[in-house]
Amino acid sequence: MIKLKLFLALVFLNIGTITAQEKLEVFFDFDQYEINADTNQKITDWINTSKNIEVQKIYGFCDWKGTNPYNDTLSLKRVYSVYDFLKNRNVKIKEDYEIKGFGKDFEQSKIQSENRKVTIVYEIIKEVVPKTKEAILLDELNETLKTSKVGDIIKLKDIYFYNNSPKLLPQSKPVLYELLCVMQDNPKLKIEVQGHICCQTKELKFDVSTSRARAVAVFLIQNGINRKRITFKGFGSTRPVHPIPEKSEQEEEDNRRVEIRIIEK
């Protein structure tokens with residue numbers, strides 16, 4: 001069971017948006033707000049080596065020299081210089097970004113050159129990886145099971161067999177493992193696997209619908225599910241979704257199906 005959960009965790013991996021807030025400090029010449037060569041190079045290197053940057057805040061600072069009003073204005077000019085520099089290079093800036101000039105009203109470093117700065121607060125946003133088709137099917141199956149009651153019938157999507165055969169095609173494995181996981185997570189669940197075929201109105205000697213239902217049941221049992229929790233039954237073409245003969249391939253596909261009936265949960 002543990003190995004299966006690990007397998008499913010790898011197959012159905014879904015990575016959400018992850019953000020990590022970081023900051024970059026750049027420095028200015030005395031009494032200046034224009035970006036100097038060192039700051040230009042530092043920001044350029046940062047842009048070139050970072051991906052998915054989103055700037056959240058830009059804060060400006062000054063050293064202790066000068067009056068408060070003068071330093072407040074100078075610190076904001078430094079902020080806008082950096083802002084323009086970033087915008088001109090198409091750096092993403094958050095829609096409700098914050099800018100602020102602190103002037104000299106902050107805890108100053110004893111090294112005055114360290115106080116003449118702008119701090120860029122940013123996040124590196126990892127892109128959302130969309131859920132795989134298998135993960136979506138598993139979610140749907142779990143959600144359907146939660147809202148189902150005894151007697152309900154649930155169609156298993158994407159179960160495929162070789163033509164006129166009970167042998168499962170490889171692309172059926174994901175949904176089989178989903179069903180297995182659901183059975184493991186719900187130890188009280190008992191089901192009847194039901195097989196149906198399309199196109200035929202006459203009873204055939206070889207009952208492929210029963211054999212296909214048996215194949216699904218055997219898969220579950222071979223993977224550790226108690227056989228007392230599973231029965232199977234074939235209905236041939238006696239319970240079609242669409243009248244036979246079907247009018248399209250889609251109608252044939254809808255009739256040719258495997259379902260589970262909830263016996264106990």
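Keep in mind the model is a prediction, meaning the values are calculated, not measured.
Hydrophobic clustering keeps Val121 apart from Phe28 (ILVMFWY residues linked when any side-chain heavy atoms are closer than 4.5 Å, directly or through intermediates). Hydrophobic clustering (side-chain heavy atoms under 4.5 Å, transitive across Ile, Leu, Val, Met, Phe, Trp, Tyr) groups Val182 together with Val193. Under the 4.5 Å side-chain heavy-atom criterion for Ile, Leu, Val, Met, Phe, Trp and Tyr, Ile153 and Leu189 are members of distinct hydrophobic clusters. Hydrophobic cluster membership is shared by Val118 and Tyr122, with clusters built from Ile, Leu, Val, Met, Phe, Trp and Tyr side chains linked at under 4.5 angstrom. Hydrophobic clustering places Leu24 together with Leu86 (ILVMFWY residues linked when any side-chain heavy atoms are closer than 4.5 Å, directly or through intermediates).
The closest side-chain donor-acceptor pair between Asp254 and Gln250 falls under 3.5 angstrom. The closest side-chain donor-acceptor pair between Asn40 and Thr44 falls under 3.5 angstrom. Side-chain N/O atoms of Glu54 and Gln56 include a donor and acceptor closer than 3.5 Å. Counting only N and O atoms by type, the side chains of Glu251 and Asn255 include no donor and acceptor under 3.5 Å apart.
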Pair Lys233-Thr210, side-chain contact (heavy atoms from CB on, under 4.5 Å): steps then yes or no
CA-CA 5 Å; Lys233 189 173 183 179; Thr210 300; 5.9 Å; no

Does the side-chain hydrogen bond (donor to acceptor under 3.5 Å, both in side chains) test come out yes or no for Asn36 and Gln32, once each step is laid out?
CA-CA 9 Å; Asn36 58 32; Gln32 298 296 315; over 6 Å; no

Test side-chain hydrogen bond (donor to acceptor under 3.5 Å, both in side chains) applied to Asn88 and Tyr83, step by step
CA-CA 9 Å; Asn88 289 336; Tyr83 175 86; over 6 Å; no

Val55/Tyr97 under side-chain contact (heavy atoms from CB on, under 4.5 Å): CA gap, chis, key distance, verdict:
CA-CA 7 Å; Val55 174; Tyr97 70 95; 5.7 Å; no

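Side-chain atoms of Ser165 never come within 3.5 Å of backbone atoms of Phe161 as a donor-acceptor pair (strictly under, hydrogens ignored). Under the 3.5 Å distance criterion, the side-chain polar atoms of Ser237 are left unmatched by any main-chain donor or acceptor of Ile197. Of the possible donor and acceptor atoms, one in the side chain of Arg229 sits under 3.5 Å from a partner among the backbone N and O of Met183. Proximity of a side-chain donor or acceptor of Thr73 to a complementary backbone N or O of Pro69 within less than 3.5 Å is detected. Without hydrogens or angle criteria, Lys42 side chain to Glu25 main chain gives a donor-acceptor distance under 3.5 Å.
Under the side chain to side chain contact (heavy atoms under 4.5 Å, CB included) criterion, Gln171 pairs with Tyr160, Leu169, not counting sequence neighbours.
Two residues are said to be in side-chain contact when any heavy atoms from C-beta on lie closer than 4.5 Å; Ile120 and Trp46 meet this criterion. Put simply, the side chain of Glu178 does not reach to within 4.5 Å of the side chain of Leu180, judged on heavy atoms. Taking 4.5 Å as the limit, some side-chain heavy atom of Val216 sits within range of a side-chain heavy atom of Leu179. Under the 4.5 Å side-chain criterion, counting only non-hydrogen atoms from C-beta, Leu156 is in contact with Ile159. The shortest side-chain heavy-atom distance between Ser81 and Glu34 does not fall under the 4.5 Å cut-off. The shortest distance between side-chain heavy atoms of Leu76 and Phe102 does not fall below 4.5 Å.
Open room surrounds NZ on Lys65; 12 or fewer heavy atoms of other groups in view lie less than 6.0 Å from it.
A cation-pi arrangement is found for Lys117 relative to Phe61, the charged atom lying closer than 6.0 Å to the ring centre and inside a 45° cone about the ring normal. The cationic group of Lys23 does not satisfy the cation-pi geometry with Tyr59, failing either the under 6.0 Å distance to the six-membered ring centre or the 45° limit from the ring axis. Cation-pi geometry between Arg78 and Tyr80 is not satisfied (NZ or CZ under 6.0 Å from the ring centre, within 45° of the ring normal).
Taken from NZ in Lys104 to OG1 in Thr67, the straight-line distance is 7.0 Å, to the nearest 0.5 Å. Asn115 contributes atom CG, which lies 6.5 Å from atom CG of Asp63 (distance to the nearest 0.5 angstrom). Rounding to the nearest 0.5 angstrom, the gap separating the CD1 atom in Ile47 from the CZ atom in Arg89 is 6.5 Å. Note that CD1 of Ile225 and CZ of Phe219 are 9.5 Å apart. Values are rounded to the nearest 0.5 Å. For the atom pair Leu220 CG and Phe232 CZ, the distance stands at 12.0 Å (nearest 0.5 Å). One distance of note links CG of Asn186 with CG of Asn142; it measures 7.0 Å at 0.5 Å rounding.
Here the closest heavy-atom approach between residue Phe27 and residue Ser113 is recorded as CD2-O, 3.6 Å. Asn71 approaches Cys62 most closely through the heavy-atom pair O-SG, 3.3 Å. The heavy-atom pair separating Ile244 from Glu246 by the smallest distance is CG1-OE2, 3.5 Å. A pairwise comparison of heavy atoms in Gly101 and Ser75 identifies CA-OG, 3.2 Å as the closest pair. Residues Glu114 and Ser109 share a closest heavy-atom pair of OE1-OG, 2.7 Å. Taking both residues in full, the closest heavy atoms of Ser209 and Gly236 are given as OG-N, 2.8 Å, listed atom of the first, atom of the second, then distance.
Electrostatic pairing of Lys87 and Asp84 does not count as a salt bridge here, judged by no charged N lying under 4.0 Å from a carboxylate O. Ion pair Lys157/Glu140 flagged as a salt bridge, since at least one NZ, NE, NH1 or NH2 atom sits closer than 4.0 Å to an Asp/Glu carboxylate oxygen.
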Sequence neighbours excluded and cut-off under 3.5 Å, please list the side-chain donor-acceptor pairs for residues 258-265, or say none.
residue : atom : partner : partner atom : Å
Glu259  : OE1  : His196  : NE2          : 3.0
Glu259  : OE2  : Arg257  : NE           : 2.8
Arg261  : NE   : Glu192  : OE1          : 3.4
Lys265  : NZ   : Leu145  : O            : 2.7
Lys265  : NZ   : Ser148  : O            : 2.9

